[in-house]
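The block underneath contains the structure these notes are about, expressed in structure tokens.
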Amino acid sequence: MAGEKGDAPELGREAYGRCELCPRRCGAARLEGRPGMCGMTSTLMVARSALHFWEEPPISGEAGSGAVFFSGCPLRCVFCQNHEISSGGFGLPVTAPRLAEMMIELQAQGALNVNLVTPLHFAPHVREAVLLARGAGLEVPVVCNTSGYELPEVVRALADVVDVWLTDFKYASPALAAELARARDYPSLAAASLAVMVDAVRAAGGRACAPDGAMRRGVVVRHLVLPEHVDDSCAVLDRVWDIAGNDVDLSVMNQYTPNEACRRAGGALARGVTDEEYELVLCHADDLGFERIWWQEGGTVSESFVPAFDATGVEGPELGAAGAAPEV
């Protein structure tokens with residue numbers, strides 16, 4: 001498991017005062033109730049907390065991953081499937097002790113891990129909650145499920161409370177990242193953050209799995225293949241290989257599904273990925289030498305990998321005083 005509180009740089013609530021928690025460095029006074037570019041103030045917002053069965057096999061297994069979906073996101077991907085929470089603002093306000101109790105509840109439900117989905121614009125709350133939960137008996141691994149658009153120093157500050165990094169690497173081209181996510185700096189920052197994740201796992205002893213294959217420590221890099229962007233996908237895999245080689249699991253996904261806005265706009269993003277496009281990217285991953293590749297088999301475009309954002313599991317008691325940890 002990850003280390004103790006003293007191993008990481010300080011990351012307190014004052015970070016919300018003039019926010020620079022993500023690469024946007026928007027400087028929003030989130031403590032005063034002003035939303036940052038992530039769409040959130042300093043009030044922690046969660047849209048769902050429940051078992052989730054649609055992650056990679058080492059994350060979900062058969063028991064399920066304990067997924068906590070946070071509201072808001074610093075990226076603005078035009079094809080986002082979670083737009084209801086990423087930019088739509090859906091979610092309920094919770095405290096760090098309530099978030100900690102959610103983690104304990106998910107463990108009690110048999111979750112293989114606690115899977116924090118797009119959490120780092122709430123990094124101070126997240127770190128505090130994990131410490132509280134561990135003080136109260138949380139033993140399953142903590143997964144940070146991120147878009148990859150993070151500041152390396154924030155990733156480093158969370159390294160002592162995260163066991164598994166489940167990170168996207170979406171774009172290799174700055175121009176494509178600017179066009180599809182308004183984030184020209186995405187490729188360089190995703191690469192720098194991935195390097196920090198890999199170094200943290202190496203320092204902790206490297207990839208580790210339970211006898212049933214459930215990941216206890218490691219890095220999984222996801223890449224969603226986009227229609228007509230095979231060249232960029234292959235360039236992403238080149239970048240990941242150069243940074244990490246076989247110190248990461250690679251997940252290559254074909255589940256791109258055009259949302260309503262993409263269908264209206266027409267063009268390449270109005271359709272799904274073809275079998276040929278997907279096979280070309282998988283073959284490139286194999287040629288590079290990745291030993292652990294997760295892939296998806298046909299029909300994923302018509303399936304729903306997006307849960308119902310209905311506040312399941314969000315409301316409830318806070319962690320009791322017996323699980324208290326020092327204030328962050």
Side-chain angles (χ1 to χ4, degrees), residues 11-52 65-77 80-106 111 114-133 138 142-151 154-155 157-158 161-162 166 168 181 259 306-319 327-328:
L11 189 66
R13 299 281 183 89
E14 66 276 3
Y16 295 124
R18 187 180 182 281
C19 191
E20 294 189 350
L21 285 169
C22 85
R24 302 294 188 184
R25 296 187 185 273
C26 67
R30 292 173 65 188
L31 280 173
E32 299 175 13
R34 298 176 185 173
M37 288 192 68
C38 61
M40 294 287 109
T41 69
S42 62
T43 299
L44 180 61
M45 300 284 287
V46 175
R48 180 181 174 88
S49 176
L51 293 178
H52 189 66
S65 178
V68 180
F69 290 85
F70 293 83
S71 306
C73 180
L75 275 183
R76 287 293 178 266
C77 296
C80 182
Q81 296 295 300
N82 290 359
H83 53 84
E84 185 179 356
I85 62 171
S86 64
S87 58
F90 178 79
L92 297 180
V94 300
T95 63
R98 173 58 196 149
L99 177 58
E101 181 63 25
M102 287 183 213
M103 298 178 188
I104 298 296
E105 291 167 357
L106 289 166
V114 170
N115 182 356
L116 306 175
V117 184
T118 319
L120 293 190
H121 52 294
F122 289 120
H125 281 95
V126 166
R127 190 164 187 277
E128 179 183 356
V130 174
L131 292 169
L132 284 166
L138 183 71
V142 172
V143 178
C144 182
N145 187 334
T146 165
S147 70
Y149 192 52
E150 309 293 353
L151 291 175
V154 174
V155 172
L158 270 291
V161 296
V162 172
L166 179 57
D168 291 346
N259 58 26
V306 181
F309 295 123
D310 53 7
T312 294
V314 177
E315 295 182 294
E318 295 185 345
L319 189 68
E327 275 292 321
V328 177

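Residues: numbered from 1 along the sequence shown. All of these numbers come straight from a predicted model, not from anything done at the bench.
A 4.5 Å side-chain heavy-atom check between M37 and R76 finds every atom pair outside the cut-off. Using a 4.5 Å heavy-atom threshold, the side chains of L116 and C144 count as separate. In this structure the side chain of L99 never reaches within 4.5 angstrom of the side chain of L132, judged on heavy atoms. Counting heavy atoms from C-beta on, the side chains of T118 and N82 never come closer than 4.5 Å. The shortest side-chain heavy-atom distance between V117 and R48 does not fall under the 4.5 Å cut-off.
In terms of modelled atom types and a separation under 3.5 Å, the side chain of R24 and the main chain of L21 share no donor-acceptor contact. In this structure, the side chain of S71 engages the main chain of F90 through a donor-acceptor pair within 3.5 Å. Of the possible polar contacts, one joining the N259 side chain to the C80 backbone as a donor-acceptor pair under 3.5 Å is found. Listed for the R98 side chain is a donor-acceptor partner under 3.5 Å among the backbone atoms of P317.
Between L75 and A181 the shortest heavy-atom distance is CD2-CB, 3.9 Å. Nearest heavy atoms, L51 versus L106: N-CD2, 4.2 Å. E150 and L120 make their closest contact through OE1-CB, 3.4 Å (heavy atoms, listed as atom of the first residue, atom of the second, distance). Shown here for R127 and A157, the closest heavy-atom pair between the two residues is NE-O, 3.4 Å. Shortest non-hydrogen contact noted between E101 and L319 is OE1-CD1, 3.2 Å. The two atoms that bring G27 and R18 nearest to each other are O-CG, 3.5 Å, heavy atoms only.
Aromatic ring orientation, H52 versus F69: perpendicular (interplanar angle above 60°, classes split at 30° and 60°). Between H125 and Y16, the angle of the ring planes lies from 30° to 60°, which puts this pair in the tilted group.
For R34, the CZ atom counts as loosely surrounded, since its 6.0 Å shell holds 12 or fewer non-hydrogen atoms of other residues, nucleotides or ligands.
A distance of 8.5 Å separates CD in E20 from CG in L151, rounded to the nearest 0.5 Å. Note: F70 CZ to C38 SG = 12.5 Å, rounded to the nearest 0.5 Å.
For T95 and E318, the side-chain atoms include at least one donor-acceptor pair closer than 3.5 Å.
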- prompt: Please walk me through it: do T146 and V155 pass side-chain contact (heavy atoms from CB on, under 4.5 Å)?
  reply: CA-CA 10 Å; T146 165; V155 172; over 6 Å; no
Side chains of residues 39-47: which donor-acceptor partners sit under 3.5 Å, not counting sequence neighbours?
from : atom 1 : to  : atom 2 : distance (Å)
T41  : OG1    : T43 : N      : 3.1
S42  : OG     : R30 : O      : 3.2

